[in-house]
Protein chains: 2
Amino acid sequence: MKHSKYDALKLENQLCFPLYACSREIVKRYKPFLDEIGLTYTQYIVMMVMWERKSVNVKELGECLYLDSGTLTPLLKKLEFKGYVTRMRSDKDERNLVVAITDEGEKLKDKAVEIPFQIAGCTNLTPEEGVQLYGILYKILGTNP
Amino acid sequence: MKHSKYDALKLENQLCFPLYACSREIVKRYKPFLDEIGLTYTQYIVMMVMWERKSVNVKELGECLYLDSGTLTPLLKKLEFKGYVTRMRSDKDERNLVVAITDEGEKLKDKAVEIPFQIAGCTNLTPEEGVQLYGILYKILGTNP
DNA sequence: ATAAATTAAATTGAGTGCAATTTAATTATA
DNA sequence: TATAATTAAATTGCACTCAATTTAATTTAT
């Protein structure tokens, strides 16, 4: 096998590329299930936070999801329009926007609860591989660049 | 620890979420290096294919990168405008668009060759973890949903 | 040979992502 | 206490990403 100083530039020698491709691939596999409840993938993970926390401000949401207000502001307006959350400035500090789940949003949880089980079979990872992957990904996320 | 039937909907119990977050995080870490050569991450992986293959059609490129013409067509027009590739219909089959690297595109490779080494230190994974991650990601990509 | 089916790109439109800037509110400081 | 610095969202603008449709070329089936 011939070597060149350019080997490091080959797609097959990258870790970033399969990570990027895999991420998009998995989101694509969620789509048919998310379509049934009318959410995009990003809206779904926002709702996951809402189902757990009931009420958060945009900053906290951004910290949970690694997203900023440029992404979240229009997305939250859509979720508000669909009736799943409310958006109100905080009384204590009017810079903060409090996002709170509605009854409709709570109801959606009962439809969404099936999704993790429906999606479970869509990769062929062993439980050990799942655990490994989880650990490695969070190790990367924990690294300050 | 209390359990609920909604546990599977918690963000911390998802594999897809850290994958999605990690992918975006890594692309973000490439940005300062890619800025120096004036490419976006997606343009960079397209150029990686071009540096290896010299000439491909859009379909092949899409298969390599898991992207479709909706993403590739405008992106390739930008790379053509920058002078790194040419775009020409195939003589044999005019449905195919042949994308070929230019001399300018080849020159860019010498600037880009440093990037994999500059980026190498940006995660704290052990070599074993890198290999594990690589294997697991390609296992997922190889799964037909 | 011609019509029907298939294929490859391009186009369209909705929805992110994100860097950079702006606006408004709050806090820290001279 | 005015002013400066900081903070939280919103806004702006550019670049994807992808489903669905359209257009044009080629194959297949009649």
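Chain A is the first sequence line, chain B the second, and so forth, proteins listed ahead of strands; every chain is numbered from 1.
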Least distance between heavy atoms, [X] atom then [Y] atom:
X: B/A8; Y: A/P116; answer: O-CG, 3.4 Å
X: A/A112; Y: A/I37; answer: CB-CD1, 4.0 Å
X: A/L11; Y: B/C64; answer: CD2-O, 4.3 Å
X: A/L65; Y: A/V49; answer: CD2-CG2, 3.8 Å

Review point. Excluding sequence neighbours, so at least two apart, what forms salt bridge (Lys or Arg N to Asp or Glu O under 4.0 Å) with B/E52?
Key: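 For B/E52 there are no salt bridge (Lys or Arg N to Asp or Glu O under 4.0 Å) partners, ignoring immediate neighbours.
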Exercise. Kindly write out the residues that satisfy salt bridge (Lys or Arg N to Asp or Glu O under 4.0 Å) with B/K107, not counting sequence neighbours, or none if the list is empty.
Key: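 Only B/E104 meet the salt bridge (Lys or Arg N to Asp or Glu O under 4.0 Å) criterion with B/K107.
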Original post:
How do A/R89 and B/S90 order along DNA chain D: which one's closest nucleotide is nearer the 5' end?
Top reply: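 Its nearest nucleotide being more 5', the pick is A/R89.
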Give me the residues of residues 33-52 of chain B where at least one heavy atom lies under 4.0 Å from an atom of DNA chain C, by number, or none.
->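 The answer is none.
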Return the residues of residues 73-83 of chain A meeting this criterion: a heavy atom under 4.0 Å from some atom of DNA chain C. Order them by number, or give none.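 By residue number: A/L75, A/K78.
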Query raised in the report: Between B/Y20 and C/dG17, does any side-chain N or O lie under 4.0 Å from OP1 or OP2?
Result: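 Result: yes.
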Can you name the residues that form a side chain to side chain contact (heavy atoms under 4.5 Å, CB included) with [X], not counting sequence neighbours?
X: B/D103; value: none
X: B/K77; value: B/T73, B/R87
X: A/V98; value: A/S55, A/S90

I'd like the 5' and 3' limits of the part of DNA chain D contacted by chain A, with heavy-atom contacts below 4.0 Å.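 From 5' to 3', the first and last contacting nucleotides are D/dT7 to D/dA19.
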- Pairs where residues 7-17 of chain A contributes a residue and the test salt bridge (Lys or Arg N to Asp or Glu O under 4.0 Å) is met, not counting sequence neighbours: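 Of all non-adjacent pairs touching residues 7-17 of chain A, those that pass salt bridge (Lys or Arg N to Asp or Glu O under 4.0 Å) are A/D7-A/K10.
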Side-chain donor/acceptor of [X] to backbone N/O of [Y], under 3.5 Å:
X: A/K82; Y: A/G38; result: yes
X: B/T123; Y: A/I140; result: no
X: B/D110; Y: B/V113; result: no

Are B/V131 and B/L19 co-members of a hydrophobic cluster defined by side-chain heavy atoms under 4.5 Å apart?
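Unlinked, B/L19 and B/V131 end up in two clusters.
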Selection: residues 55-63 of chain A, any non-hydrogen atom under 4.0 Å of DNA chain D: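 Result for residues 55-63 of chain A: A/N57, A/V58, A/K59, sorted by number.
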Practice item. Output the residues of residues 9-19 of chain A in contact with DNA chain D, where contact means a heavy atom of the residue under 4.0 Å from an atom of the strand; sort by number or write none. Key: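 The stretch gives none, as no residue of it lies under 4.0 Å from the strand.
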Across the strands shown, which category fits B/D93 at heavy-atom distances under 4.0 angstrom: base, sugar-phosphate, nothing?
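Since only primed, P, OP1 and OP2 atoms lie under 4.0 Å of B/D93, the category is sugar-phosphate.
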**Asked** NA contact type, A/N96, heavy-atom cut-off 4.0 Å: base, sugar-phosphate, or nothing?
**Response**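 Sugar-phosphate contact only - A/N96 comes under 4.0 Å of backbone atoms but never of a base.
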Could you state the [atom1]-[atom2] distance from [X] to [N], rounded to the nearest angstrom?
X: B/Y30; N: C/dA19; atom1: OH; atom2: P; result: 17 Å
X: B/K31; N: C/dA20; atom1: NZ; atom2: C1'; result: 10 Å
X: A/L72; N: C/dG15; atom1: CG; atom2: P; result: 16 Å
X: A/K28; N: C/dG15; atom1: NZ; atom2: C1'; result: 15 Å

Mind jotting down which residue pairs meet the ring pair (Phe, Tyr, Trp, His ring centres under 6.0 Å) criterion with at least one end in residues 42-82 of chain A? Sequence neighbours excluded, please.
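Residue pairs passing ring pair (Phe, Tyr, Trp, His ring centres under 6.0 Å), neighbours aside: A/Y30-A/Y44.
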| said: Does atom NZ (B/K54) have a neighbourhood of more than 12 heavy atoms from anything else shown, all under 6.0 Å? | reply: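 Counting other residues, nucleotides and ligands, NZ of B/K54 exceeds 12 neighbours.
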